[in-house]
Amino acid sequence: MSQERGITPRAENFSEWYNDVIMRAELADYSPVRGCMVIRPRGYGIWELMQRALDEMFKETGHENAYFPLFIPQSFLAKEAQHVEGFSPETAVVTQGGGKELEEPLVVRPTSETIIYSLYAKWIQSYRDLPLLLNQWANIVRWEMRTRLFLRTTEFLWQEGHTAHATDREAEEETRLILGIYRRFMEEWMAMPVITGLKTESEKFAGAVRTYACEALMQDNRALQAGTSHHLGQNFAKAFEVQYQTAEGELEHVWNTSWGVSTRLVGGLIMSHSDDTGLVCPPRLAPTQVVIVPIWKSDEQRSSVMGVAGQIERELRASGVRVRLDARDGLKPGAKYYEWEGKGVPVRMEIGPRDVADQQAMVARRSGGKAPVKLADLVSAMPRVFAEIQSALFAAATERQEENTVRSVTKQQLIDLMEGPGGFAFGGYCGGERCEIEVKDRTKATVRVLPDPEFRSEPAPAACVWCGEPAVTEAVWAKAY
RNA sequence: CGGGGUGUAGCGCAGCCCGGUUAGCGCGCCUGCUUCGGGAGCAGGAGGUCCCCGGUUCAAAUCCGGGCACCCCGACCA
């Protein structure tokens, strides 16, 4: 036995398990700078695949990429009252440059609304300039009290879309369009089910009129806010005087939206599927989808096995599969199995002398199951195998979410649930801030979203879970990351 | 910011209470040979500011004081 350090069992300590999975899979490492993280190639590879998929969806819907500066004049943040109030406590500020005190301190962007809309004011003159649909891939800095790899770090990577529209309705449609894209990405690529809906006043983005979000339930039954889409109304347009002339010659402020997902998604991916062996990654986002492990005893066997393995590797790669042949000498096959399982490679192909003789390979899935496949069928079989794994992961995560969701909770059930197993609790809500605060004080749970119609209960709850007054809406409570 | 824990080789740790001369162990790493269908074996080898600063002492990984960093649990937080 030459076991590497084991992974803390998930059931024993979820946080330590999470860290262990990241270390075992070599996704990230701690940095010399407090609260910051280093994203290693296997983690960055997941992010790159996420970027590629999302970027394509943004472009399909008419968005273009641009890049705005990291530094924002401090005065810009202050132009929108709610915005500055929300972000000031967590900004990093540069006061010196080139050895001299700066005329005006520069904020390291915690988000880019202010600098972007200051430029939009210049670019937008006429209704013919609208809509303006831009996105940027960038890093941002928020000075966090307590950090966790991928989930909350001082610096992180994200995309932020910023759009300007002629009408309130168009901006609302954009906000909803993006929320739908996020949901589709999380379900179809991450195999992570989400609940979408509206944020309450206290939880919405600082400076927004409305914030919509995707909320996912992790394996410890806490909710992760995985993506947000904000309808900014004319708040920033007024602050930065972003105006356009209508066809009728009137001067109007534009309507803005902003929306983002971050490297936090990688954390969500990890916490949705992984197990005590290590990372479990859905094939569509796996930097390595297939690892080929050759097996031999003698030198003759080695050359024939490697010949076949190399051939399969080339064919799979040519067909678009992200494949890797593990030809390392001196490691037994079993050791390689454990290593690649820990790293979350969805499919392992074992090829030994017996397989070569039978013209087949053993195809083993990270999530369980192993079966021989004829060499001639390997390439054509992979899309189906990937699709099955992908949908099995989504089905398992969906089942887990449903098992940990309670509909029409009573006050006592809400308390018991949050003191006990956790999960999503659906119930009536009067809409009052006081109930929101009391629930949080008593249970640590917050309103994650006021769910969209497709997630709502039938029939709609009549009374507020907390105060018993008539419910004006339904809410989803959970303890959040 | 409060409570708890940890800093000794790349990783995981022992040694510290009770100071002592070449600071150990497992894994990993390098070389060679034998191995290889679920974590290989043998032989040889490389690798250390014992977190930092100061103090006590003939002598400090070990005792004392101060600091720093990281992790966990809270508090806080789009």
Side-chain angles (χ1 to χ4, degrees), chain A residues 1-8 12-20 22-24 26 29-37 82-83 85-91 110-111 113 140 142-149 151-152 154 156 158 160 199-208 210-213 215 224-230 232 258-262 264 277 293-299 301-302 305-306 326-342 348-358 360-362 364 370 372 440-441 444 446 448 479-481:
Chain A
M1 292 288 273
S2 63
Q3 287 203 357
E4 296 181 25
R5 188 170 81 99
I7 291 176
T8 303
E12 188 180 296
N13 185 326
F14 194 83
S15 295
E16 285 183 8
W17 166 82
Y18 175 77
N19 288 334
D20 288 347
I22 288 170
M23 292 303 164
R24 166 70 70 90
E26 296 177 356
D29 209 337
Y30 296 101
S31 89
V33 181
R34 181 196 186 94
C36 293
M37 72 184 287
Q82 295 299 313
H83 196 62
E85 192 182 318
F87 282 102
S88 287
E90 51 185 81
T91 52
T111 179
E113 275 76 7
I140 62 176
R142 295 179 185 179
W143 218 259
E144 300 288 353
M145 299 267 283
R146 185 176 162 192
T147 58
R148 303 195 59 187
L149 294 175
L151 301 175
R152 178 176 285 107
T154 299
F156 59 94
W158 78 342
E160 48 180 323
K199 285 287 180 183
T200 61
E201 282 299 300
S202 67
E203 296 271 334
K204 77 178 185 187
F205 176 74
R210 272 190 292 284
T211 290
Y212 296 99
E215 293 280 333
L224 183 76
Q225 179 173 293
T228 46
S229 183
H230 316 291
L232 303 177
S258 70
W259 28 275
V261 294
S262 71
R264 171 180 257 203
T277 308
V293 178
I295 299 158
W296 64 74
K297 284 188 180 26
S298 64
D299 280 348
Q301 286 178 340
R302 177 183 178 149
V305 164
M306 283 303 289
D326 187 352
R328 287 176 298 175
D329 211 343
L331 274 183
K332 295 184 77 171
K336 295 180 181 179
Y337 300 168
Y338 280 101
E339 179 175 328
W340 294 112
E341 282 167 5
R348 177 181 73 238
M349 286 183 190
E350 305 167 10
I351 303 175
R354 292 204 298 272
D355 299 306
V356 171
D358 296 342
Q360 66 173 30
M362 293 303 296
K370 181 151 104 170
K440 185 176 182 181
D441 288 347
K444 311 279 189 224
T446 49
R448 299 323 301 153
K479 283 188 278 189
Y481 270 94

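Fair warning: this is a prediction, and the values are worked out from it, not measured in the lab. In what follows, chains are A, B, ... by sequence order, proteins preceding strands, each numbered from 1.
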task = In whole angstrom, give the distance that lies between atom NZ of A:Lys479 and atom C1' of B:rC76.
result = 17 Å

Proximal nucleotide (of B:rC76, B:rG37, B:rA40) relative to the A:Met145 side chain = B:rC76

Spacing of the P atoms in B:rG26 and B:rC64 (rounded, Å) = 31 Å

ask   = Taking for each residue the nucleotide of RNA chain B with the nearest heavy atom, is it A:Ala480 or A:Thr147 whose nucleotide lies nearer the 5' end?
value = A:Thr147

inquiry  = Rounding to an integer number of angstrom, what distance separates B:rG45 and B:rC71 when you compare their C1' atoms?
reply    = 35 Å

inquiry  = When the P atoms of B:rC11 and B:rC29 are compared, how many Å lie between them, rounded to an integer?
reply    = 15 Å

Counterpart residues, ring pair (Phe, Tyr, Trp, His ring centres under 6.0 Å), relative to A:Trp17 (two or more places apart) = A:Phe14

message = Once you apply a heavy-atom cut-off of 4.0 Å, does A:Gly330 come out as touching a base, just sugar-phosphate, or nothing?
response = base

key: C1' spacing across the pair B:rC42 / B:rU6, given as an integer number of angstrom   = 37 Å

message = Regarding A:Gln301, tell me which of base, sugar-phosphate or nothing describes its non-hydrogen contacts under 4.0 Å with the strands shown.
response = nothing

ask   = Using a cut-off of less than 4.0 Å, is there contact between a side-chain N or O of A:Ser15 and OP1 or OP2 of B:rC71?
value = no

key: Whether A:His230 side chain and A:Trp259 backbone form a donor-acceptor pair below 3.5 Å   = no

ask   = To the nearest Å, how far apart are A:Asp329 CG and B:rC29 P?
value = 13 Å

key: Ion pair check, A:Glu341 and A:Arg24, cut-off under 4.0 Å   = no

request  = Looking only at side-chain atoms of A:Tyr30, point me to the closest of B:rC70, B:rG38, B:rU35.
outcome  = B:rC70

A:Ser15: partners by side chain to side chain donor-acceptor pair (under 3.5 Å), with sequence neighbours left out = A:Arg148

query = How would you list, by chain and number, every residue that makes a side chain to side chain donor-acceptor pair (under 3.5 Å) with A:Glu160, sequence neighbours excluded?
reply = A:Ser112, A:Gln136, A:Trp158, A:His162

query = In whole Å, what is the span from the CG atom of A:Asp299 to the P atom of B:rC36?
reply = 12 Å

ask   = Quick one: is A:Lys332 getting a side-chain N or O under 4.0 Å of the B:rG37 phosphate, OP1 or OP2?
value = yes

inquiry  = The side chain of A:Trp296 is closest to which nucleotide in this list: B:rC77, B:rA40, B:rC36?
reply    = B:rC36

message = Heavy atoms only, 4.0 Å cut-off, all strands: where does A:Arg264 land among base, sugar-phosphate and nothing?
response = nothing

request  = Kindly say whether, by distance alone, the side chain of A:Glu339 makes a donor-acceptor pair under 3.5 Å with the base of B:rG38?
outcome  = no

request  = Check every strand shown and say whether A:Glu341 touches a base, only sugar-phosphate, or nothing at a heavy-atom separation below 4.0 Å.
outcome  = base

request  = Quick one: label A:Thr228 by what it contacts on the DNA or RNA (base, sugar-phosphate, nothing), any heavy atom closer than 4.0 Å.
outcome  = base

inquiry  = Given the structure, check if the side chain of A:Arg146 and the base of B:rC77 hold any donor-acceptor pair shorter than 3.5 Å.
reply    = no

key: Residue A:Lys370, side-chain atoms from C-beta onward, closest of B:rC36, B:rG39, B:rG38   = B:rG38

inquiry  = Taking only the C1' atom of each, what is the distance from B:rG28 to B:rG12 in whole angstrom?
reply    = 10 Å

inquiry  = Applying salt bridge (Lys or Arg N to Asp or Glu O under 4.0 Å), can you list everything that pairs with A:Lys479, at least two apart in sequence or on another chain?
reply    = none

request  = With heavy atoms under 4.0 Å as the rule, sort A:Asn19 into base, sugar-phosphate or nothing.
outcome  = sugar-phosphate

query = Relative to A:Phe156, does A:Arg264 satisfy both conditions: NZ or CZ under 6.0 angstrom from the six-membered ring centre, and within 45 degrees of the ring's axis?
reply = no

task = Taking Watson-Crick and G-U wobble pairs with both distances under 3.5 Å, convert RNA chain B into its dot-bracket string, 5' to 3', dots for unpaired and | for cross-strand pairs.
result = ((((((((.[[[[.)....(...]]]].((((((.....)))))).....[[[[[..)....]]]]])))))))....

task = Check every atom of B:rC76, B:rG38, B:rC71 against the side chain of A:Tyr338 and return the nucleotide holding the closest atom.
result = B:rG38

query = Between A:Tyr337 and B:rG38, do the rings stack, that is, sit under 5.5 Å apart with planes less than 30° off each other?
reply = no

request  = Only counting residues at least two apart or in another chain, list the ones meeting ring pair (Phe, Tyr, Trp, His ring centres under 6.0 Å) with A:Tyr18.
outcome  = none

Sugar-phosphate, base or nothing in reach of A:Pro110, heavy atoms under 4.0 Å = nothing

ask   = How do A:Lys444 and A:Arg302 order along RNA chain B: which one's closest nucleotide is nearer the 5' end?
value = A:Arg302

inquiry  = Under 4.0 Å, counting only non-hydrogen atoms across every strand here, what does A:Gly352 touch: a base, just sugar-phosphate, or nothing?
reply    = base

request  = Can you tell me, in whole Å, how much space there is between the P of B:rG66 and that of B:rG24?
outcome  = 33 Å

task = Please determine if a side-chain N or O atom of A:Asn13 lies less than 4.0 Å away from the OP1 or OP2 oxygen of B:rC71.
result = no

task = Kindly indicate whether the side chain of A:Thr147, heavy atoms from C-beta on, has any atom under 4.5 Å from the side chain of A:Tyr30.
result = no

query = For A:Trp340, which contact category applies under a 4.0 Å heavy-atom criterion: base, sugar-phosphate, or nothing?
reply = nothing

key: Atom-pair distance (CD1 on A:Ile7; C1' on B:rC71), nearest Å   = 17 Å

query = Atom CZ of A:Arg328 and atom C1' of B:rA40: how far apart are they, to the nearest Å?
reply = 15 Å

ask   = B:rC51 and B:rC68: how far apart are their C1' atoms, nearest whole angstrom?
value = 8 Å

